[in-house]
Structure formats: structure tokens, C-alpha cells
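What follows is one structure encoded as C-alpha cells, with my remarks underneath.
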Amino acid sequence: MSDHGNLTNPVPAALADRRRKSSSIFDAFRPGRKGVLLPALDVPAADPEALFGALHRAEVEGEVEASEVDAIRHFTRLSQKNMSIDANLYPLGSCTMKYNPRINEELARLPGFADVHPYTPEHLSQGALELLARLEEALVALTGFARVTLQPSAGANGELTACLMIRAAHVKAGAPRKYVLVPDSAHGTNPASAHFAGYAVQELASNPRGTLDLGELEKKMTDEVAAVMITVPNTLGVFEENILEVTKIVHAKGGYVYLDGANFNAFVGKVRPADLGADAMHMNLHKTFSTPHGGGGPGSGPVGVAPALVPFLPVPTVEGADDGWRLEFDRPDSIGRMRTFYGNYGVLVRALTYIHSYGNEIAEVAETSVLNANYLRKKLAPFYHLKYDAPSYHEVVFDDKLQAAKGVHNIDVAKRLMDYGFHPPTMSFPLIVPGALMIEPTESEPVEELDAFADAMIAIAKEAEESPELVTSAPHVTPVGRIDEALLAREASKPGSFAPVLRAPVRRS
Amino acid sequence: MRYIPNSPAEQAALLREVGVAAVDDLFATVPREVFRKDPPPLAPPMSEIELRRALGAMAVKNAAATCFASFLGAGLYGHHSPAFVSQLLLRGEFLTSYTPYQPEVSQGTLTAIWEFQSHIALLTGLDVANASMYEGATAFVEAVLMAERLTKKRTKVVVSRTIHPEYLATLKTYLAYLGLEVAEVAAGADGVTSAAALAAAVDETTFAVAVQSPNVFGLVEDWTVASEAAHAHGALAIGVVNEAFSLALLTPPGAAGIDIACGEAASFGVPASFGGPLIGFLSCRDAFKRQIPGRLAGRLETPDGPVFALTLSTREQHIRREKATSNICSNQGLIALMATMTLTALGKHGLRETALQCLSKSEYLKTGVKALDNGKFAVAFPGATFNEFALRCGPPVAEVLAALEKAQILGGVPFARLAPGAGEHEDLLLVATTERVRREDLDRYLDVLKGF
Ligand SMILES: Cc1ncc(COP(=O)(O)O)c(C=O)c1O
């Protein structure tokens, strides 16, 4: 973190303010400045007014005016206000915040990938197509599925792609279905994706172990149910022990089993999801395969499918062999396109690089991520309540029950962790654990960081006992103090609240 | 292993602490019969030296636009990206952070998202833009679905066929099972949406009317054709833009009655990268913000200055689940940052200057084509264009491209490539110019055409 938060040596107030206050580039634009120099125009200048008449726009009112130096300083200072994996253990459960290797970045930036237009003729983009084929091949090897589409832009988009394929399969078979079953522990994108594929969502209540309840499933799994969406391990970090029975029950009724593969990191290289009886699964390449989250994206959500769903894959697919790769559009049963072009290609380059860097030893990723999570579980269990105590895989979900007695809630623990230099765990789900603290350390944390994080969590548990207000008023040393998000939401609801702030030019001293 | 810091001895110590003899004991609840017996059929781990060689071998088999004079566009335009952008983007604080759910330790990302939203709002002439969509076609789908929610109980979206065919194909995929109808209105002979045909297709069941400008032929459309047709029947007007630099020189959609603008902003310094990751955008009138899909950063004034946080999140899947305004979760954060950095450097003046260069180069090429006297080529449509036009080819398009390729030119995108199998406009080549091409490239292009 930067030192913006607490300047200990007093400096004149105005100067301290200038350093401390966050600001947007829109608050300080300087008329006449610009940050890009173009070559001199080497053809006659066109006259846009004459060409466009009434449709001509003279300027983009209110746009920024800044030099290259202004831009560099602004964005560098902004970066210093972020926590990141590079600087902080970032145990955001379900998000798999593992180290993002720099060789991946280097290779994705090769001009032979980065500067290639998607409509480059196929004979001039054989390497780009080959990469798609090789990544599909590797993901098939890891999942056991018949084929994998690389087109979905993120995990949620993969879920939707699969729901549409399932829908198309039932339609083709002459019997479209109405419902998709989603466990109450599922991530919010699961029901949302099913909804946008035209399904009605029915919730499956978890059993007291936090896993799927076979009785509940048998009851709800009718021949009107198209699919069940299951997360493995589930969002508690618990493996569905009965997964083989579950897939049998669903298949017996003519339904499809969809796996949310957001947690593939827990079993990559050890178990092939197709062997669990799954018909489709998305993978978040930005989780298991280490492509950077980038402050919210881009992701990539390839979907692997069993043979029954292959005809319905989105177009295009990549076909061919070493003597020539091509894009195939002629797939009569395809659901169609999920987006322009062929997927988040640059993310795919990084993922293939990562897969090669572990190769046939990739199971070590799963093993170490599970070991690290269990180590934290062991250390923290005496201090935090664990609602479901089934064995943990890559993550462990504690809650704030013990601390709540003193008025300290998960959000307070989270904010206080920031003071200790750690990013908070996930709190927004699973909904079956009120006050959740979902902790996923990943395999790329060294033991001393795990220990330091555990020490911080334990110290906060003690603070919650002894001086709860210290915790409930946190964070104390971050670039800004606790933000009143409820107040912001009220302000944001008012008319005009998103208007870009247009300020008078700042006076130069 | 390479990205696992703990040594084997440290791993062994952790196992002892956890209280298991072997790591596989931690996987005891996985059914034994599905446990993999052999390692996956992948090659052994590669070092960086081997990775550079393996991936490098694929990269060199592609025609980087840097080695050719490129006239490829058709929805993705190869504009200049300032050098500092790709370098700042590698700062781990941007690259390796997550979605800014915790605003106190994410002010950098949040401020940048708010700036991205502000740029998009200003460029499109609308009030509110979201934090990003995956890319242009899905942004278009989200705009259509948003319009449907805003106009309750209507079932038809009217779209001009001058919208990029991949956008229309994507729309049909997403709408397939939602009980909504896509009514397509063919372009007039002049390549532009016919106001009369569009208006005739709209009725009381219509929830939205969508047009694109510049359209798929590069032609400038008048947004009011869509907004008047839509508003006459209480529908919403959607404006699609995929060459976002055009917004520097053309009336913004928001100033011409468009209610929701959407499309692709990759023109602002995002590398083509074989088509992704790109940066979809969506903006709308203030009154519609409660139905906007995806993330939204808000700004709160405090005594310590402005602070930023994600807001109005009760629209989103993590709270509303199947009732959310979209299923989107991860978006295109880092690419939005890339566009924001580029837009900051370009600013008001750079935007206009760059757009004028694109326009001027395209006009130079069009003028040159019109002056050819071999009777083999023509500018297909008479209307105004920004930086792309449709070249009607007498000789087969493939032969024209092959001849241009010999002169180190990627000559354009055959229209047929946008909708494979449709058999439409097979004599059209879409030719785009950006500030990256030089007069000598344009002259070389014309020389090749002269040779036919
Ligand atoms: C369990 C689970 N499923 C699905 C998703 C959605 O993935 P994405 O953000 O890539 O769309 C997430 C992401 O946070 C997740 O944790």
C-alpha cells in the first residue's frame, strides 16, 4: 500500500491535502494540453463539416485535456491505492487469487498474437488458430470432455452458453423443459444464467452437511427439469461426496448435469469432471489457469461438453491439423455465436502458457491449494465459527458468529484485515452461511504469508473480544476510511448523479 | 514447482501440522473410482526458455499488422496505442487485483472505472455508462434486454440489417428462448437504413429499434431515423457504435434521441489480439439507470475529497440472482482501464485530430478508387463514410486480396466473412483506414487496383 493514508510528519495542510485526497483526472484538466503526438497528416485534410453536414460534431465537450506526464502520474498514483496479489495475500474465496506469472504477459504481448486482426486471412493466421486448437486439446485432456468451446468471455457467459446448449438439445429431441435446479449454496451467476436461457429456477436446499440433499433432489428432479447446476467442490469448499449418485438421478430423468468449474483449482489434474458424470462444465481461466483478474476482468469461460452436447457448440469451432487450421461455421445444430470473433484470445494465450508451465505435473496445483486451505483452517478453527465442518478442499468458509456477540460482523473483520495488510475474504456468499468469511489462500502463498495472515485473523478475533470498536471502526490506515456505501447508493439513485464532473480549470500556482 | 513457493520440506511440515500422512488423504471424500491414476496426458513442465520457443513458434506464423499495411476493420480497428499504456497496465496493483468489492483498498481501480464511465457518457452524449461489457455484440444484446425490461410486455425488437452481422447473430443466439422476436429491416439500395422501412416495421409490440452508425458498410446513419421510429410507438431507440473514434466527429447518439448506446470501444488503444479481449460499453439516459446491466462505479463527495465505490448493486446477480438485470460478473476491467488511459492521453484534441486523420486517409483512398479508369472497382455506396467504405470489386475479392498481399497489404475484410454461408454482397470488400497507414500505403493500394 502507499503512504497516502497516514502522513505522520506534519506538513502544511494544503500540501498534505493535495497528496492525500483522491481525485479524478476530470477534476483537474488543463486547457490546451494533450498527450499524444501524431505524424503530420500526409494527405489532404478532409472537411468533416462539408462531409457530414448537420451530423457533424465540433468537439466532445468536457473531455480531458492532459499531457502524457499528467497521465502517467495520475494512473501511477491511482495504482498505489489498490491492494493486489503482487503485494498482498488476497484470500478472496471462490476467486482463486493466485500468482499471475509474468511470462504469460510477455507471450500474450508478442506482436504475432497481440497485433493480429481477427479477420486476417486464415493462411496468414495459422499460428493463432493452432493456439486455439492446442488449448482446446489441453483442456480436453484435463477434463475428459469430448470438446471445449473457447468462445465464452467469462464464467457466467460459459454458464449461459451451456444452458443454451442444453436447451437446444432438449428442443432438438422434441421435448423442451422448463426448470433448472440450483442449490441454495450456488453463486449468483448460476440462477441468473439459467434465467437468461429462458428457464425458471428452482432452488435445492442443502443438507446439514452443506452438500446436496439426495432426497430433495429426487423430489425435485422431474421430467420438466432440464439441468442441475452443481459447483464442485461447492462454495463451502466441500466436495459433493454423492456426486456419482447425483448424476445418475439427473440422467435417469433425462436431465443434464452442469458443473460450475469455478473451483476447478481444487481438483485439476486429479479428477476429470467428465468422469463425475458431468455433461458440461465451464472453467474460469482467470482462476484455475492464472490469467490476471485485472481489477474485474477480462476473464474467459471455456465450456467442455460431453458427446451429446457437441452438435450444439457455438460457432465457430477450430478444425484441422498441422497441415492447416480453419474456422468452421457450418454446424447446423449450433446455438450460434456467443460474441464477436473467437473469444478473449489474449486470455487464452496466457492460459495455454500456464498449462504448459505445469504440464503433466499440474495436479500439484490442486494438492497445494487444498493443503494451504486446510492449514489455515487448522490454525483459525479455534477462533472462528465453522458452520459446516465437512472436510475442506481449496477454501474454508468461517463465519462471524463468535464475534457477532460483541457487535463485530464479518464486514468489520474484513475492514480490519486491511489494516494488517491483507485483502479481506469473500463475504457476499454462500447465502447459507450468514456472516460468511470465505477464505481461499491458493497454492501460490508461501508458508510465512499464511502464518502472517492467520496471526492477523487471530489478533482481530482477540480485538473483537477486548476492543470491538477498534474493529468496527476499521480500516484505519488505508488510503480512505470506511466508505458509506449505503449513502452512496442513495446519492446514486438521485437524478443526474452520474454526470461527469466538469470543473473550472485548476489555477496554476 | 514453478509457481508454488513452499519447498518440499515446508510442504511436509504443513502436512504434519494439518495432521495427514499424505496429501491425497485430503481428497478422501472424492469417490475412489474417479481418482485419476496417471498424470494427465500433457507434456512435461516447460521452463520459460521452452515456453518462449513453443509459443513464439505459433506467434511467428501470423501476419502481425506491424509487418503489413493493414486495412482490416469491420468492427475492430487497429488504432495507435500510446507506449505508456501497455507499460502501466503491467503494474501489479492494476493487473493482479480483483473486482473492487472492497472500496477502501481499491480506490485506484474504482476511480479509473468512474473515469471510463465518464468518457463513455461524454462520447455518447448520454448520462450514465456502466463499468464495461464483454465486447460489442454482447453489449448490444444487453441493451436490447434492458430495453425489453423498460417497456414491459412488448415482444419485438426491430433491427436494421446494416448492423454488423456478428452482432445480429449474437443477438439471435441470446434471444432464442426468451419469447422475443427479432424483426430485421433490409438496407436500402444506398446501403443505409431506410427511414420508411424502419418506421413501417415498428408497432405497439415493439420494445426497441436499433441501428448502427457508422454502419457495417462504413456509412454514416442518422440516429434520428431510429429514435423517431421508436418513440412514435413508445419504444426505445438503441444506437450501436463499433468504431468509437467516429464519436469525435459525429453527432453523439444521446443528442439525437437515442436512449441506450452500446458497442465496442476497442478503438481506444486496445490491441486487436485476434479479436479479444475487447471492451464493450453501454450507456443510457439517467431515468433508465436502475435497469442497467453489470457494474457501476459511483462517486461520493466527502470532506476528504471524492471517494468511489461500486453502487446500485441490488441490480446485480450476487444479490438478485435470477432476478438480476444481467448474469455478468467478471467484466473487462483491465481493458476498460486501457481505454481510459488512452482516452486520457488523447483527450479532447487528440480524439479530434486522430479522427480527422482517419477520415482524411479514407477520403484519399475513396477519391483514388473513383479516379481509377479500368472499370473494375467502385466505391459501393454514395453516402458519407467515416474511416471505412465498401469497395465493389469486379474481379473476385479473393484475387484482389491476394494481389494486395503480394504488396505487403492486408487489403480489407470480404463482406462474406462477416456472415459465412449467407452468400450476400460477395463482391464487397470493407476497407478501413486508421492513423497508422501512410500515404505511400494508400498509393501502393491504388497501384495494385490499377494493375487489374
Ligand atoms: C462459484 C462461481 N461461479 C461462477 C462465477 C462467475 O464467473 P465470472 O466472474 O468469470 O463470470 C464465479 C465468480 O466469481 C464463482 O465464484
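Here the shortest heavy-atom pairing between A/E63 and B/L123 reads OE2-CG, 4.2 Å. Closest of all the heavy-atom pairs between A/V64 and B/T344 is CG1-O, 4.0 Å. In this structure, B/P271 and A/A114 approach most closely via the heavy-atom pair CB-O, 3.4 Å. Minimum heavy-atom separation, A/V60 to B/L247: CG2-O, 4.1 Å.
Rounding to the nearest 0.5 Å places CG of B/L14 at 5.0 Å from CG of A/L371. From B/C329, atom SG reaches atom CD of A/E159 across 8.5 Å, with rounding to the nearest 0.5 Å.
Interface residue B/L278: backbone and side-chain heavy atoms are both found under 4.5 Å from chain A. With a 4.5 angstrom heavy-atom cutoff, A/P424 touches chain B only via side-chain atoms. Contact of B/L337 with chain A is made through the side chain alone, with heavy-atom distances under 4.5 Å. With a threshold of 4.5 angstrom between heavy atoms, A/F429 does not approach chain B through any atom at all. Proximity to chain B is limited to the side chain of A/F329, based on heavy atoms less than 4.5 angstrom apart. With a 4.5 angstrom heavy-atom cutoff, B/P41 touches chain A via backbone and side-chain atoms both. Only the side chain of A/L110 has a heavy atom closer than 4.5 Å to any heavy atom of chain B. Using a 4.5 Å cut-off between heavy atoms, B/V18 touches chain A through backbone and side chain atoms alike. Only the side chain of B/L296 comes within less than 4.5 Å of a heavy atom in chain A; its backbone stays farther off. With a threshold of 4.5 angstrom between heavy atoms, B/T29 approaches chain A through its backbone and through its side chain. Looking at B/L351, the atoms closer than 4.5 Å to chain A (heavy atoms on both sides) all sit in the side chain, from C-beta outward. With a threshold of 4.5 angstrom between heavy atoms, A/I483 approaches chain B through its backbone and through its side chain. For a residue to count as touching a neighbouring chain, one of its non-hydrogen atoms must lie under 4.5 Å from one of that chain's; by this rule A/A194 does not touch chain B. With a threshold of 4.5 angstrom between heavy atoms, B/Y364 approaches chain A through side-chain atoms but not through N, CA, C or O. Proximity to chain A (any heavy atom under 4.5 Å) is restricted, for B/K289, to the side chain, taken from C-beta onward. Of the two parts of B/L410, only the side chain, counted from C-beta on, holds a non-hydrogen atom closer than 4.5 Å to a non-hydrogen atom of chain A. With a 4.5 Å cut-off on non-hydrogen atoms, B/L250 touches chain A through its backbone and its side chain both. Within the 4.5 angstrom heavy-atom criterion, atoms from both the backbone and the side chain of B/L55 approach chain A. Of the atoms belonging to A/P475, it is side-chain heavy atoms, and not backbone ones, that fall under 4.5 Å from chain B. Contact annotation for A/S290: neither backbone nor side-chain heavy atoms come within less than 4.5 Å of a heavy atom of chain B. Both the backbone and the side chain of A/E443 come within contact range of chain B, each with at least one heavy atom under 4.5 Å from a heavy atom of that chain. At a 4.5 Å heavy-atom cutoff, the contact between A/P44 and chain B is made by backbone and side-chain atoms alike. Contact of A/P314 with chain B is not made at all, since no heavy-atom distance falls under 4.5 Å. Interface remark: B/A176 contributes no atoms to any contact with chain A (heavy atom separation under 4.5 Å). Contact annotation for A/Y393: only side-chain heavy atoms (C-beta onward) come within less than 4.5 Å of a heavy atom of chain B. The contact between B/V34 and chain A is made by backbone and side chain atoms together, counting heavy-atom distances below 4.5 Å.
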Please walk me through it: do B/E135 and A/T340 pass side chain to side chain contact (heavy atoms under 4.5 Å, CB included)? CA-CA 7 Å; B/E135 44 72 68; A/T340 51; 2.5 Å; yes
Checking side chain to side chain contact (heavy atoms under 4.5 Å, CB included) for the pair B/V23/A/E364: CA distance, chi angles, key distance, verdict? CA-CA 10 Å; B/V23 76; A/E364 288 180 24; over 6 Å; no
Run the salt bridge (charged side-chain N to carboxylate O under 4.0 Å, His left out) test on A/K415 and B/E104 for me, step by step, so that the C-alpha distance in whole Å, both residues' side-chain angles and the decisive distance to 0.1 Å come before the verdict. CA-CA 8 Å; A/K415 302 296 180 196; B/E104 297 83 1; 2.7 Å; yes
A/V36 vs B/H349, side chain to side chain contact (heavy atoms under 4.5 Å, CB included): CA-CA, chis, key distance, verdict: CA-CA 9 Å; A/V36 170; B/H349 311 291; over 6 Å; no
Stepwise side-chain hydrogen bond (donor to acceptor under 3.5 Å, both in side chains) test for B/E115 and A/H74: CA-CA 12 Å; B/E115 289 177 3; A/H74 175 64; 2.7 Å; yes
Check against side-chain hydrogen bond (donor to acceptor under 3.5 Å, both in side chains), A/N82 and B/T109: CA-CA 7 Å; A/N82 275 0; B/T109 295; 2.7 Å; yes
Verify side chain to side chain contact (heavy atoms under 4.5 Å, CB included) between B/Q102 and A/L92, making sure each step is shown before the conclusion. CA-CA 11 Å; B/Q102 298 293 334; A/L92 204 56; 5.8 Å; no
Apply side-chain hydrogen bond (donor to acceptor under 3.5 Å, both in side chains) to A/R337 and B/T173, showing your working. CA-CA 6 Å; A/R337 271 195 169 278; B/T173 304; over 6 Å; no
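Side-chain contact between B/R299 and A/F498 is absent, with no heavy-atom pair separated by less than 4.5 Å. No side-chain heavy atom of A/V349 sits less than 4.5 Å from a side-chain heavy atom of B/M58. No side-chain heavy atom of B/L122 sits under 4.5 Å from any side-chain heavy atom of A/E61.
Annotation: cation-pi geometry satisfied between A/K270 and B/F27 (NZ/CZ under 6.0 angstrom from ring centroid, within 45° of ring axis).
The choice from B/A131, B/G75, B/A309, B/G78 that makes the most heavy-atom pairs within less than 4.5 Å of chain A is B/A309.
Not counting sequence neighbours, the partners of A/E105 by the side-chain hydrogen bond (donor to acceptor under 3.5 Å, both in side chains) test are A/R109, A/R350. Not a single side-chain hydrogen bond (donor to acceptor under 3.5 Å, both in side chains) links B/Y98 to another residue, sequence neighbours left out.
Exactly one residue among B/E363, B/Q357, B/R439 makes a side-chain contact (heavy atoms from CB on, under 4.5 Å) with A/V43. That residue is B/R439. Of the residues B/P45, B/P40, B/P39, the one that meets the side-chain contact (heavy atoms from CB on, under 4.5 Å) test with A/E361 is B/P45.
Within the 6.0 Å centre-distance limit, the rings of B/F274 and A/Y342 are counted as a close aromatic pair.
The aromatic rings of B/Y3 and A/Y99 sit tilted relative to each other, their planes meeting at an angle between 30° and 60°.
Residues A/S357 and B/R2 have side chains that never bring a donor and an acceptor to within less than 3.5 angstrom of each other.
The main-chain N or O of A/T189 is never found under 3.5 Å from a side-chain atom of B/R321 such that the two would form a donor-acceptor pair.
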